[in-house]
Structures are given as C-alpha cells and as structure tokens.
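These notes are about the structure you will find just below.
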Amino acid sequence: ATRYQILLSINNAVITRTTAHAFFQALAAELRRHFDYSRLSINLYDESEQALSYFSAADGIAPAGISSMESRPLSKGAIARMVIQSGQPVIIDDLTRYTDLSSIGSLVKAGLKSTLAFPLVVRNKTLGTIHFSYKEAPPFISELAEILTEVSRQVALAVDNMSAHMKLNALNKNLVRAKKYLMAQSGEYQTDGFHYASPVMGEIMAVIGRVADTGVPVLITGETGTGKDYLARCIHNQSTRREHLFVKINCPALSAPLFESELFGHAKGAFTGADVERAGRFEMADKGTVFLDEIADLPTTLQAKLLEVIQERRFERVGDNRPLSADFRVIAATNRDIRTSIAQGTFRNDLYYRLNTVTIQVPSLRERKEDIPLLMVRITAEQAKRLNCPPPHYPDKTLAWLADYSWPGNVRQLKNLVKQMVILRPGQVIGVREIQKAVGEDMAEPAPAGKRVLTWAEAERQSIVRALKKSNGAVGGRNGAARVLGLPRSTLQYRLRKHKINPRDYQTNP
C-alpha cells in the first residue's frame, strides 16, 4: 500500500471511535495490518508532573512489571524520556545492548529485541510517544522508521482529537451532573410547592408571573426567613432561562481577596494554588440567572466592580487579559432598608437604580396570618412524606395560637418548628403547650406594640435558661431541662454548646 493509503486507512479506522479503549483497539488492529509489530504502546506525557501514562492498554507482548494502569515518572521510561527530551525518533535495533537502562531490561526478558519510538507532537506540544517493538529487528529498518515517522504524525492528530473529545465528554457529564444536582437542590422552590392563602402573597405571585419572562433586574426585600431565595428561584423557573443555571452568590461571604476569583474565575497559574483554570459565577450563569443574596452587605469597595460587570456583561478572569462576556439575568435580595443604607453611605446609589427596575417587598409572616395554618398543614405533610413517618396533627386551638404568634424567624422558623414536631412527635396531636415549649415561653404571647421582638436565637437561649433554672441546672433525668423543653438530651446538649451555656451556672443547690 502507498503511504497515503496507509494514513487514510488509519484515519478511517479511528474516526468514529468515542472511547480511549475502542480508539486504541481499532488503531492497533489497523497498524498491525501494515507493520506486524510484536508490541504497540502509546504513552501520554504530563509535563507538569513529569510523568507518563498509557493512553490505553498496550497491545501485544506484555513485559513483566509493566502495568498499563499506573502512572510512572518520566525517569522510569528510558526510551520515552529520550524521545521526549530530544523531540526526535529513537531507533534501537538491538535492545540487548542497553539492558542497564530502566525498563529496557523487562522488554528484553519478554523476548523483544528491537524498538522504534516516535514523538507525538501537535502544534509544538508533545502529547507523548508511540512505540513499535519487535521480537527480531525488522528488515529495512531505516525505511520503516521513515514511514512510521509519518504515521506517528497522523496518530498524534488522532490522539489529540480523541483526548479533546474525552475531556469535553467528561466536562459535559460533570455539567449535567451539576445541573441535575442544582435542580434537585432547588426542587423545593418550585411554584407548585409555594403555599399561601393571603391576598398580599397572591399579588406578589402575580407580579412574579408578569416579570419572569421580561429579563429585567428584580430586587427582593424583606426580613430574614421570609422566602426571598424561594421567590428568586420561582422567577428563574418561570422564565425562558429555566434550562440554564441559577447561580446564587452569597454577598456577605465575598471577601475582597476572593471577590474577583470567585465571580470572574481565574486562569491556570494566576496565583499560588490556581492549578487549573476555573470559571467564575458570572460565566457559569451565562444564559441563566445570577442571584445576589444579601446585596446590601457587600462592601462599598466591591460594589463598583459589581456594577461594572452588571452594566457591561463583560469581565476578565484573574491572570488573563482576554475579555469574556456572559448573558445573565440579575435578581438581588436584601433584608436591609436600601434607602437607609444609601443615606448612610454604605450602598451605592447607582447600583441601587441598576437593580431596582422591579422591587418586590415580601411581608413578614406575622403580616400574613392567613398563610400560617395552611403552611403548617402543607409543610407538615411534605416533611412527614420526606422523613417517612406519620404527620402530627394540629387542632384548631393550636393553629389559632400559631396564627397569633409573632414568628421572628418567619417562614424559616416555621419550617424548623414543623421538622422538629415531625421528628419528635410523629402521629401525635400537638397542643399549645408543646408548641410553647418548642418556641420559648417569652414569646408565647404576641409582642406588645413598641416592644422589640426577640430573634429566634435569643428566644431559644432564654427558653433554655428558664428550663435550666427550673431543673436546678440538671440537663437530663426525670426533672431535667431536656424533659422540661420536650427535647432529646443530645439535642439540648448541642444547643447548650451552640449558645455557650454552662448548666452549672444555674445550680442553686450544688
């Protein structure tokens, strides 16, 4: 066959292969047809690690002590090292003269007497080496080396394409996995799982329905625990961007040193520890939605950089001067009064107007009491199904008390209470007293007008302290604080550590 026909047949043999194993098997079978080798192997070269690994299992004779599954230092492969360092083919017609070199001795012991090794080079980058070994030196070895040099160039292109395909395939699988994970994580945020009966929440959901597909920025305000994150996901899931990622950015966690790397990504080697190229949050959100949670807590020094990206939709990775662009929708949320923050100089006026095309003010749970009984019943049913246990039952008297409760932690507090009841009192009838124990007696009545409402943590701490005083500092036992609170001892011990409470401080009779 002519050289052209050989190269064409090699290309045709491997072009449809989609895995490294299938690729190598097809390549080996085609090369054996023309060159009848005793052993064929392809080494991949990792320049950063100075290491070699097989592209796939070698074909033909398998010398003892050489595994096709393990990576090995370049220094352990004498022939491959010579090829890579010189960039030229290495032809050895009699291996028995070099048995003192590493790895050659095992070839000779396996009965191989001659080898021809060639560099695999694409775009001035050495991908690795290809080795043809024989039991006896082939005739016309110089002519054979000449044609195998051309073959190695064709193989290099094929290996490069196959490696790129494998990396892209792995990346796509990771992206699919990540998207499935994110969709699973956001599953509880689907609109049909959002329960409300109050007119004010009906109006908010109607606004969400109108703005979802417009792509305009939305600013969601409201107290902590009112469901701002939930509503942001509702907007995303009702928009045409729903098939792309919803990327949440927790603004209070963005420190100045990490701001650009986290949001814009970084190039490989941009700084110590940047071993691989990394996409930033804005790049990940291309065609999707960026959710800037607690935007008012972002330092003013970083707000200017954020504003520029939101305006231009362009940015550069750290350590790379190539501009990147992304098409993303912006939704922001805060539990602060933005106008007060602007007046105090802690929030940029221009950033506020960039985000404030549509504002949704989420009312606190105590402002929409009609929702509370419905939320208790629906969330109880959902949690009971998730935890595979019978749901507790709330009589009308209990639901009425819950509707009058001030709910300082809003819906988040209500969900935590529901989970606690489902876990600790499955299938039981829940009375007012059990609820009061769970939320803290200081908050058993609605807060008087003008009195500061305690936070959930403050109420929990006060409830524990009262119980410890009542139990003379005892945590467990018949009269212990855990029994008073209706909690497992282990749960109470965890909360004691969380609030840094020492039970001994409440022992009146040591």
Side-chain angles (χ1 to χ4, degrees), residues 47-48 122-125 160-161 163-165 167-176 178-179 182 213-219 232 235-236 239-333 347-357:
E47 184 177 10
S48 61
V122 175
R123 293 180 290 276
N124 297 321
K125 180 181 179 181
D160 185 50
N161 290 336
S163 297
H165 170 79
K167 289 178 182 177
L168 183 60
N169 192 44
L171 178 61
N172 285 337
K173 287 182 178 179
N174 287 337
L175 288 174
V176 169
K179 186 173 181 182
L182 290 170
D213 259 344
T214 63
V216 300
V218 177
L219 178 63
I235 294 171
H236 172 76
S239 74
T240 55
R241 297 174 180 267
R242 71 178 70 89
E243 296 300 322
H244 300 276
L245 291 182
F246 176 93
V247 179
K248 180 178 178 179
I249 298 173
N250 184 19
C251 294
L254 291 176
S255 61
L258 297 177
F259 179 84
E260 293 190 2
S261 175
E262 188 70 20
L263 298 193
F264 311 147
H266 60 250
K268 181 179 179 180
F271 48 82
T272 303
D275 299 325
V276 295
E277 185 177 81
R278 179 187 175 189
R281 299 295 182 92
F282 284 112
E283 190 174 350
M284 291 170 60
D286 187 34
K287 305 295 189 299
T289 300
V290 169
F291 176 49
L292 301 167
D293 196 19
E294 302 303 348
I295 182 68
D297 291 332
L298 188 67
T300 53
T301 53
L302 303 179
Q303 290 175 21
K305 295 180 180 179
L306 179 62
L307 175 62
E308 182 180 357
V309 176
I310 292 174
Q311 288 177 329
E312 303 297 332
R313 297 295 198 273
R314 293 173 69 83
F315 50 89
E316 295 177 358
R317 288 177 178 164
V318 176
D320 193 345
N321 58 8
R322 293 174 299 170
L324 300 175
S325 60
D327 170 23
F328 51 83
R329 198 242 188 98
V330 177
I331 302 176
F347 199 82
R348 292 178 62 100
N349 198 48
D350 49 1
L351 179 57
Y352 170 67
Y353 287 116
R354 173 61 62 175
L355 299 173
N356 189 36
T357 303

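Note that the coordinates shown come from a computational prediction; the quantities given were computed from them, not determined experimentally. Atom set for the values below is all heavy atoms of this structure, side chains included, hydrogens, waters and symmetry mates excluded.
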Nearest 0.5 angstrom please: [X] [atom1] to [Y] [atom2], how far?
X: His236; Y: Ile331; atom1: NE2; atom2: CD1; answer: 8.5 Å
X: Phe259; Y: Ile249; atom1: CZ; atom2: CD1; answer: 8.0 Å
X: Leu298; Y: Asn250; atom1: CG; atom2: CG; answer: 10.5 Å
X: Leu355; Y: Phe347; atom1: CG; atom2: CZ; answer: 5.5 Å
X: Thr301; Y: Arg348; atom1: OG1; atom2: CZ; answer: 10.5 Å

[X] versus [Y], closest heavy-atom pair with distance:
X: Ala285; Y: Val290; value: CB-CG2, 3.4 Å
X: Asp320; Y: Ala267; value: CB-CB, 4.0 Å
X: Arg241; Y: Gly288; value: NH1-O, 3.1 Å
X: Arg317; Y: Glu283; value: NH2-OE2, 2.6 Å
X: Leu302; Y: Leu254; value: CD1-O, 3.8 Å
X: His266; Y: Ser261; value: ND1-OG, 3.0 Å

| request: Can you run down the ring pair (Phe, Tyr, Trp, His ring centres under 6.0 Å) pairs that involve residues 273-299, sequence neighbours left out, and say none if there aren't any? | output: Phe246-Phe291, Phe282-Phe328

Within the 4.5 Å heavy-atom criterion, are [X] and [Y] side-chain neighbours or not?
X: Asp350; Y: Leu307; result: yes
X: Thr357; Y: Thr214; result: no
X: Leu292; Y: Leu306; result: yes
X: Val218; Y: Arg329; result: yes

| NZ/NE/NH1/NH2 to OD/OE distance under 4.0 Å, Arg123 and Asp160 | yes

Taking [X] for its side chain and [Y] for its backbone only, find out whether a donor-acceptor pair lies under 3.5 Å.
X: Asn356; Y: Leu219; result: no
X: Glu262; Y: Arg281; result: no
X: Arg322; Y: Glu316; result: no
X: Glu294; Y: Pro252; result: no
X: Asp286; Y: Asp327; result: yes

| query | Counting only heavy atoms not in Glu308, do more than 12 fall under 6.0 Å of its CD? | reply | no

| request: Mind checking ring-ring contact (aromatic ring centres under 6.0 Å, His included) for Phe315 and listing every partner two or more places apart, or none if nothing turns up? | output: Phe264

